[in-house]
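To start, the structure under review is shown below, and the notes come after it.
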Amino acid sequence: MEEFWQQVVTGIATGSVYGLLALAIVLIYRSTSVLNFAQGEMAMLTTFVAWSILQWGEYWVMFPLVLVIAAGMGAFIERVIIRPVEGAPVLNIIIVTLGMFAILNNVATWRWGGIPKGFPAPPEIEVTGIRFMGEGALDIGPTVVSYHDLTILVFAVAIMVALYVFFQYTPLGLAMRATAQNPVASRLMGIRVGRMLTVGWALSATVGAVAGLLIAPLILLQPPMMMGVLLFAFAAAVLGGLDSPVGAVVGGLIIGVSENLVGTYTPKEWLGPDMKLTVTLLIIVVVLLIRPTGIFGRRAMRRV
Amino acid sequence: MRRLSPPPTSKLVIFVVIAFFLLWWVPFSHVLPEGFPLRFGTYRTFQGSMIAMWAIVALGLNILTGYNGQISLGHSAFVAIGGYTAAILMVDYGWPFWTTIIIGGLIAGGIGFLIGVPALRLTGPYLAIATLGLALATPQILKKYDGLTHGTQGINVRPEVPASPDFIEDWFGIKLSNDEWIYFLALFIALLMLVLALNIVRSRVGRAFVAIRDSEIAAQAMGISVPRYKIIAFGISAFYGGIAGGTYAQVVGYVSPESFNFLLSINFLTTIVVGGLASILGSVLGATGLIVVPELPGIVSFIPGAGLPDELSWAFYGAALILVMIFAPYGLAGLFHRLVRVGPARVAGVLTPVQGAWLSWRERRRAPPASPGQTGAGSEDRSSGDQPGTE
């Protein structure tokens, strides 16, 4: 039983990272119907920038700085690269993001080299006697959980809640939702649609940057580090429903946990750890066949 | 909206493709005398064979995605099925190569039909990611069930790959090297598949595909069985993938699980979008572009002062993708159609506004007198030409 809980807890931790990157993907998908294949590489690049800043600065100085840089990068990419193809067929924009994938990956390899680097977890903070983050592990009864895994989960849930509040209650969030639903009507209502798209990309890049900063301590910092994560994040976003931030996180958790359980509890001869990816993907496909727009996704209504 | 000239006919497409492949072959063949400046050796011949193989996949994927509107990121799986079927039958059972290619295509096509059934429930990005799962699972499955697939070490097909038969020498007086024989073999298969694709997209079935892509409801109202034709599209497309896989086994002479990873699938999708969706010619142009462009920095670097550092070649490729999408939204085929229609200078924006105005005046003179949609300078090359349609 202890093994079971151990697998569940580590699954939740990796699943939270998938969920975070899936959140970033959902943010862009909601506003532009584009799957951003460069999302992982954007996160990877900001993590490298963070690594460079850490060479002379404190972690908590670097953290906000990197978020600002990420937002700037997201806004820049939207204005300079995505804007010229705005209104083009969705597949064209997807190919543009694939082009960015190649560029960002190549630039990171060129600038920082392909050798894996260690990256620190967020250092310990103590608030009113309760310890957050840092090294070590916490005993939670059936099993132990590392502080860093807890950090990831807390960040994922906090960002999800923050985004929910942002989209539900703030004027900017409402304007962005309006833009996503009906750009023409939004423009007529005085919303600056182009600016909303820029903000959406900036926000998405920021969330992705957090995902990069949190997963880098688990899987060394190197140019291809986000590729696998990105694929799982796509799967998570699709599983949860591409237009649902809650679905993204839930989807990530489901994938993280089921991946671990499949690896541990299926017969080794013909499934087992080697096939955990395949079985997880199969589970996703089965879920999609029952709910074609994901668990939390709204059914696309089309006017005829 | 009016057409200034008819779109390239299928004859033109076939001619362009044949001419292209022959022109590709000549400089690299060993038929040319020793010391001839354009003799580049067999690597380029191999590359030409790869273009032919990629063109086959692109044709199939274009039928599914371009003509029928179903996005697949799983085509590396069908290529793997074709490649492995051919390799296993040739190496383990000693079958002649051409039967293995056909059987590989049929098996892949059959599996494509089966996958087409659940795919009916999914659309757009959901279908894309679900099929991406297929591509991700393929290498794992190939590694795991190694009794059939020889596991991670892959299968070496090279000893079984056919050599140039004697009749070529008897008929043409040319002794082809093995690479060149495979090149013409791949070219022959690609042309066969190209003619087949041209016929499919202009048949009743092809028109049904397009109708479904444009509006499923309208297609249904016209009496088209949407599920049946969507499954057929998947099957045909997978069949193309399988044939390409069999060709791949001959061209490369080696199949392994890692030859068919998910990046291949993503590259296939890139091929048809860059080449031109719903365009037969675009499939071939896209295949050429995707094989050749990543090498351009290396080629350019022969010129002193030009060229990029080697380590940035992938960034160059990415930038090329983005630029094509910005400046040729209908892909290379769209660009080609415009070149045919309005001439290279006009496309490149070389003409002055005065000349442009003169051209549009002349075009207006040629137009039938009553054409209310006509608005004047520059509007026609935007509205008439680049629409992806059937050709």
Side-chain angles (χ1 to χ4, degrees), chain A residues 29 33-35 37-38 81-82 84-85 87-107 109-110 227-228 231 234-235 237-239 241-242 269-272 274-282 284-286 288-294 297 300 302 304, chain B residues 65-66 71 73 118-141 143-145 215-218 221 262-263 266-267 269-270 272-274 277 294 309 311-331 388:
Chain A
Y29 183 83
S33 306
V34 169
L35 288 179
F37 275 84
I81 300 174
I82 301 298
V85 287
V90 169
L91 269 179
N92 287 27
I93 309 181
I94 288 180
I95 300 302
V96 168
T97 67
L98 281 174
M100 282 196 308
F101 176 102
I103 294 176
L104 294 177
N105 189 297
N106 202 177
V107 165
T109 315
W110 175 63
M227 239 186 249
L231 297 173
F234 272 140
V238 162
L239 182 62
L242 271 169
E269 300 83 55
W270 53 281
L271 288 173
D274 301 340
M275 295 292 280
K276 65 179 183 182
L277 176 70
T278 307
V279 176
T280 309
L281 292 166
L282 197 67
I284 294 168
V285 169
V286 169
L288 282 181
L289 291 182
I290 300 164
R291 290 191 63 88
T293 50
R302 233 184 311 165
V304 186
Chain B
T65 303
I71 302 172
L73 282 174
L120 286 175
R121 296 260 305 154
L122 304 176
T123 53
Y126 292 93
L127 180 60
I129 299 300
T131 48
L132 181 63
L134 191 66
L136 283 169
T138 303
Q140 285 204 318
I141 294 171
K143 278 179 205 160
K144 185 70 181 177
Y145 306 112
S215 166
E216 290 196 7
I217 294 164
F262 72 97
L263 290 173
I266 293 180
N267 279 337
L269 188 71
T270 310
I272 60 166
V273 178
V274 166
L277 284 173
E311 55 269 29
L312 280 180
S313 62
W314 216 31
F316 172 83
Y317 166 74
L321 281 187
I322 294 175
L323 290 177
V324 169
M325 285 297 98
I326 291 177
F327 294 107
Y330 296 105

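Order of the sequence lines sets the chain letters (A, B, ...), proteins ahead of strands, with each chain counted from 1. Worth knowing before you read on, the calculation uses all heavy atoms, side chains too, and leaves out hydrogens, waters and symmetry mates.
Nearest heavy atom pair, residue B:Tyr317 against residue A:Ala102, reads CD2-CB, 4.3 Å. A pairwise comparison of heavy atoms in B:Tyr126 and A:Thr293 identifies OH-O, 3.3 Å as the closest pair. Contact between A:Leu288 and B:Ala130 at its shortest, heavy atoms only, is CD1-CB, 4.3 Å. Between B:Ala319 and A:Ile103, the shortest heavy-atom contact is N-CD1, 3.6 Å. Scanning all heavy atoms of the two residues, the minimum distance from A:Leu98 to B:Thr270 falls at CD1-OG1, 3.6 Å. In terms of heavy atoms, A:Leu35 sits closest to B:Pro125 at CD1-CB, 3.8 Å.
Put simply, CG on B:Leu132 and CG on A:Leu231 are 5.5 Å apart, with the number rounded to the nearest 0.5 Å. Taking CG from A:Leu277 and CD from B:Gln140, the interatomic distance works out to 4.5 Å, rounded to the nearest 0.5 Å. Rounded to the nearest 0.5 angstrom, B:Leu122 CG and A:Leu289 CG are separated by 5.5 Å.
When heavy atoms are compared at a cutoff of 4.5 Å, B:Val274 approaches chain A solely by way of its side chain, counted from C-beta outward. The parts of A:Val96 that come within reach of chain B are both its backbone and its side chain, each placing non-hydrogen atoms under 4.5 angstrom from that chain. Contacts between A:Leu91 and chain B at a heavy-atom distance below 4.5 Å involve backbone atoms as well as side-chain atoms. At a 4.5 Å heavy-atom cutoff, the contact between B:Ile326 and chain A is made by backbone and side-chain atoms alike. Proximity to chain B is absent for every atom of A:Leu104, based on heavy atoms less than 4.5 angstrom apart. Only the backbone of A:Ile290 comes within contact range of chain B, judged by heavy atoms closer than 4.5 Å. Of the two parts of B:Phe327, neither the backbone nor the side chain holds a non-hydrogen atom closer than 4.5 Å to a non-hydrogen atom of chain A. Contacts between B:Leu323 and chain A at a heavy-atom distance below 4.5 Å are absent for every atom of the residue. Neither the backbone nor the side chain of B:Ile272 comes within contact range of chain A, judged by heavy atoms closer than 4.5 Å. Using a 4.5 Å cut-off between heavy atoms, B:Thr138 does not touch chain A at all.
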Worked verdict on A:Met100 versus B:Ile322 for side chain to side chain contact (heavy atoms under 4.5 Å, CB included): CA-CA 8 Å; A:Met100 282 196 308; B:Ile322 294 175; 3.9 Å; yes

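Take B:Leu263 and apply the side chain to side chain contact (heavy atoms under 4.5 Å, CB included) test, not counting sequence neighbours, and it matches B:Asn261. Legend: residues meeting ring-ring contact (aromatic ring centres under 6.0 Å, His included) with A:Phe37, ordered by chain and number and at least two apart, are A:Phe234.
Under the 3.5 Å distance criterion, the side-chain polar atoms of B:Arg121 are left unmatched by any main-chain donor or acceptor of A:Pro292.
Residue A:Ile95 forms a side-chain contact (heavy atoms from CB on, under 4.5 Å) with just one option from B:Leu321, B:Ile266, B:Val324, and that option is B:Leu321.
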